[in-house]
J.: 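Got a structure for you, written out below as structure tokens; questions coming shortly.
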Number of protein chains: 2
Amino acid sequence: MTASNGRPAAAEDTAGRDTVAAVVRQWQAVHPELDTGPMEVIGRINRCAALLQQAEDAPLRRAGLSRPEFDLLGALRRTGHELTPSELTRETYSSGAAVTKRLKVLTERGLVERRGDTRDRRVAHVRLTDAGRELVDGILPEQLAYETAVLSVIAPEGRGELAGLLADLLGRLESRTAGLRG
Amino acid sequence: MTASNGRPAAAEDTAGRDTVAAVVRQWQAVHPELDTGPMEVIGRINRCAALLQQAEDAPLRRAGLSRPEFDLLGALRRTGHELTPSELTRETYSSGAAVTKRLKVLTERGLVERRGDTRDRRVAHVRLTDAGRELVDGILPEQLAYETAVLSVIAPEGRGELAGLLADLLGRLESRTAGLRG
DNA sequence: AGGAAATGCTTTACAGGTAAAACACATGCT
DNA sequence: AGCATGTGTTTTACCTGTAAAGCATTTCCT
């Protein structure tokens, strides 16, 4: 199902219609000797991420939350138990300093609470307040419905294939914990 | 090639191994009634973007450039002619203020030059200096080689399919200029 | 011609992130 | 016990992006 140039037949009706394709064409014209293949994947992932985030943020913004804030609350909700700040950095893939700042804001808004560990007084335990849990539970269905609507521009089979290919890529990227040296 | 649950056979050997799958499983346990399908696509795109950018930035950083700076220089290089700041905002998908700031830095570094338009004195024209063009031309091959290496974790057919599916999604997202209301 | 509106760019005020240092406490070694 | 080292979290200084306001200039309309 893949043409010699690596372009699959599935995209035939919108081929060349995205901005990344145009950018790649420009590079090819200037540097015909370079293999611009990776741009077609990485450039598109980046651009899709940017566009999706922008769209996606709308329901969150109505609730007065940024995406990183929602990610933090969501981590607490989906794990179902208290998390320490360090665990939150792992769950949300953000730095400790960023988590500290978000926790400050979310605590002031009454969405999360903290308590000190009794054994080890360095560690804190963070949990959702009732208001926090209700907020997450209220937003999530809207959020998912919204995302479904955004993704409905492509066919369900395409979505499934995309999810599978991305899972494969992501799984392999994540398993090489050490970064490649270039 | 798509199972009833929308998971393609292609991902079988790494199924469930990415962190997004784990997150989705947690949500399913807490809210079994919700359709978490969109997370499998959007969550993975976001996470792939984050991981790839981190990896990808290494060769740029060695040249002392951030990705947004490189994008700006790249836009000038690939179009092959001068661009105005507004054109640069379109080419790089960033705000006018951000472009102004980057131009200031890049001008100070001697990588770009600006001249005023003779007809319309509001507009500026920005072009690469020789040093700027040499920098871009020096980095680009490294950058692409690096990206190729990163993507080599998946098979070439997968890359092609992924590029095609992303092109389709991106093309459709971009063509709906107006954002969805949620 | 002349003022209102539009356009291109920059400035300002501010939000939120990061890296590195700082801090508080725990743990391990001798 | 007592001190070095390690760990969990916060603080600091700074960088970069954005939204909104500001400025200069052009264009439109009568």
J.: To the nearest angstrom, how far is A:D117 atom CG from C:dA26 atom C1'?
T.: 12 Å
J.: What's A:R114 touching, base or sugar-phosphate or nothing? Going by heavy atoms closer than 4.0 Å.
T.: sugar-phosphate
J.: In whole Å, what is the span from the CG atom of A:D120 to the P atom of D:dT7?
T.: 12 Å
J.: How many whole angstroms separate atom CG of B:L106 from atom P of D:dC15?
T.: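 Taking atom P of D:dC15 as the reference, CG of B:L106 is at 16 Å.
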J.: Let me know the distance between CZ of A:R109 and C1' of C:dA15, rounded to the nearest Å.
T.: 12 Å
J.: If you check every side-chain atom of A:T100, which of C:dG8, D:dT18, D:dT10 has the closest atom?
T.: D:dT10
J.: Using a strict threshold of under 4.0 Å (side-chain N to carboxylate O), is an ion pair present between A:E69 and A:R109?
T.: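 Yes, A:R109 and A:E69 are salt-bridged.
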J.: Over how many whole Å does the gap from A:D71 atom CG to C:dG17 atom C1' extend?
T.: 14 Å
J.: Which of the following nucleotides, C:dA26, C:dA6, D:dG17, is nearest to the side chain of A:R122?
T.: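 Ranking C:dA26, C:dA6, D:dG17 by closest atom to the A:R122 side chain puts C:dA26 first.
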J.: Taking CD in A:Q53 as the centre, count heavy atoms belonging to other residues, nucleotides or ligands within less than 6.0 Å. Is the count above 12?
T.: yes
J.: Looking at every strand, decide which applies to A:T84 at a 4.0 Å heavy-atom threshold: base, sugar-phosphate, or nothing.
T.: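 Since only primed, P, OP1 and OP2 atoms lie under 4.0 Å of A:T84, the category is sugar-phosphate.
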J.: Would you indicate, yes or no, if C:dT18 has its OP1 or OP2 atom less than 4.0 angstrom from a side-chain nitrogen or oxygen of A:S95?
T.: yes
J.: Charged N to carboxylate O under 4.0 angstrom, B:R119 versus B:D117?
T.: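 Judged by the 4.0 Å cut-off on N to carboxylate O distance, B:R119 and B:D117 do not form a salt bridge.
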J.: Select from B:K104 and A:T118 the residue whose nearest nucleotide in DNA chain C is closer to the 5' end of that strand.
T.: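 Its nearest nucleotide lies further toward 5', so the answer is B:K104.
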J.: Consider the side chain of A:A98, meaning its heavy atoms from C-beta on, and name the nucleotide among C:dT18, D:dT26, C:dC25 that approaches it most closely.
T.: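 The answer is C:dT18, which lies nearest to the side chain.
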J.: Between D:dT18 atom P and B:Y93 atom OH, what is the distance in whole Å?
T.: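 The distance from OH of B:Y93 to P of D:dT18 comes to 15 Å, rounded to the nearest Å.
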J.: Where do A:L169 and B:C48 come nearest, in terms of heavy atoms and distance?
T.: CD2-SG, 4.1 Å
J.: If you look at every heavy atom in A:R44 and A:A21, which pair is closest and at what distance?
T.: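 Looks like NH2-CB, 3.6 Å.
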J.: Kindly say whether, by distance alone, the side chain of A:K101 makes a donor-acceptor pair under 3.5 Å with the base of C:dT18?
T.: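 When only heavy-atom distances are counted, A:K101 does reach the base of C:dT18 through a donor-acceptor pair under 3.5 Å.
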J.: Starting from P on D:dT26, measure out to CZ on B:R119 and report it in whole angstrom.
T.: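 Result: 12 Å.
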J.: Closest to the B:A97 side chain: D:dA19, D:dT10, D:dT26?
T.: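 So the nucleotide nearest the side chain must be D:dA19.
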J.: Nearest whole Å is fine: how far is D:dG8 P from A:L103 CG?
T.: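 Rounded to the whole Å, the gap is 16 Å.
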